[in-house]
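The chains referred to below are lettered A, B, ... by the order of the sequence lines, with proteins before strands, and numbering in each begins at 1. These numbers come from a predicted model, not from an experiment.
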Protein chains: 2
Amino acid sequence: MKIKYAVITSLFCSLAMIALSCKTASAQQNSRKIRMAKIEIYPAYLAAYRAALAEHIETAVRAEPGVLALQAVYDKAHPTLVTVFEVYASDSAYQAHLKTPHFLKYKNGTFKMVKSLELVEAAPIALAFRPELLQNKKL
Amino acid sequence: MKIKYAVITSLFCSLAMIALSCKTASAQQNSRKIRMAKIEIYPAYLAAYRAALAEHIETAVRAEPGVLALQAVYDKAHPTLVTVFEVYASDSAYQAHLKTPHFLKYKNGTFKMVKSLELVEAAPIALAFRPELLQNKKL
C-alpha cells in the first residue's frame, strides 16, 4: 500500500513539474518584446549611418543576453529608408539595453543623420528560424 | 631545390584555397534574398488569417532548407496590419518556395482575407541573432 502511494505521489509530482516547466516556457515567450524601427536617413549620411548601425548591432547582440535579435535592412528601391526588426527577451531587457554605453554611443553619434523615426510596437504571430542563419551571420 | 619548389607550390595552393573559400562564404551571404511583406487583413478574418500564416511559417521553415527565417508580427496599435520579415538563402530558394504545396495552400486559403499587400525588396545592413532565439521558437 505504501509503495502504491509513493508511486502515485511520484507520478503526480512529475506531472506537476512538467506542467510548471511548460508554463514557464510559455511565460518566457509571451514576455518577449518585439519592435520595428522605421528610420529615414539624410542621403549625405547613408554610408556613415549604416556603419554605425552595423557596429551597434554586432556589439549589442554579442554583449546583451536579453537582446535576442537585431535585423537591419534598407529598402532597395529607396535606400534612405531603413527598418530594424528587434526582438528582446523582455521589456526589462529592452530598458537595460537603452542604458548601455554602446546604445548611447550609437544614438548620440547618429542623431544628426536621422530625418525621421517611427517605432511600431508589435506582437508575434509566428517566428521561425533555421540554424543555418546563425552559422554565417556577418553580412 | 625540388623540395623548395614543392613547399612554395603547396603554400600557394593553400592560400588559393583560403581565398576561394572566403569568396564562397561572401557570395553565399550576398546572394541572400530579404523581403518585407506588409499586409492589411479584413478585421473579420483576423483570427483565421493568423492561424493560417502561423501554420504556413512553421511548415515552410521546417521543410525548406532555403527558407532561413520567416517572422510574422502584427502592429499592437493596429492589429489588422501584419508584417512578415523574410530571409531566403537565394532568389532560387525563394522561387522554389512559391511552388510548394504549403505556400499555395496558404496563398489560396487566405486570398479573400487580404485587403492589401505591399512587398518591399530589402538589402541587409546587419543581421544578428542569439542562439537562445532558436531554442524556444514557438510563440
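Between the side chain of A/Arg130 and the backbone N or O of B/Val61, at least one donor-acceptor pair lies under 3.5 Å.
Proximity to chain B (any heavy atom under 4.5 Å) is shown, for A/Val84, by neither the backbone nor the side chain. In this structure, chain A has a heavy atom under 4.5 Å from the side chain of B/Phe85, while its backbone stays farther away. The part of A/Glu64 that comes within reach of chain B is its backbone (N, CA, C, O), which places non-hydrogen atoms under 4.5 angstrom from that chain. Heavy-atom distances place both the backbone and the side chain of A/Pro65 under 4.5 Å from chain B.
When all heavy atoms of A/Ala126 and B/Ala54 are compared, the closest pair comes out as CB-CA, 3.9 Å. When all heavy atoms are compared, the tightest approach of A/Pro124 to B/Val73 is CA-CG1, 4.0 Å.
Rounding to the nearest 0.5 Å places CG of B/Leu46 at 7.5 Å from CD1 of A/Ile125. The distance from the CD1 atom of B/Ile34 to the CG atom of A/Asp75 is 12.5 Å, given to the nearest 0.5 Å.
Note: B/Gln71 leads B/Glu55, B/Gln71, B/His56 in heavy-atom pairs under 4.5 Å with chain A. Looking only at heavy-atom pairs under 4.5 Å with chain B, the residue among A/Met36, A/His78, A/Lys76 that has the most is A/Lys76.
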Please assess B/Leu133 against A/Arg32 for the test side-chain contact (heavy atoms from CB on, under 4.5 Å), listing each intermediate value before the final yes or no.
CA-CA 10 Å; B/Leu133 193 61; A/Arg32 278 184 188 164; 4.2 Å; yes
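By the criterion of side-chain heavy atoms lying less than 4.5 angstrom apart, applied directly or through intervening Ile, Leu, Val, Met, Phe, Trp or Tyr residues, A/Phe111 is not grouped with A/Tyr106; the two fall into different hydrophobic clusters. In the hydrophobic clustering of ILVMFWY residues, with side-chain heavy atoms under 4.5 Å counting as a link, A/Leu81 and B/Leu119 come out apart.
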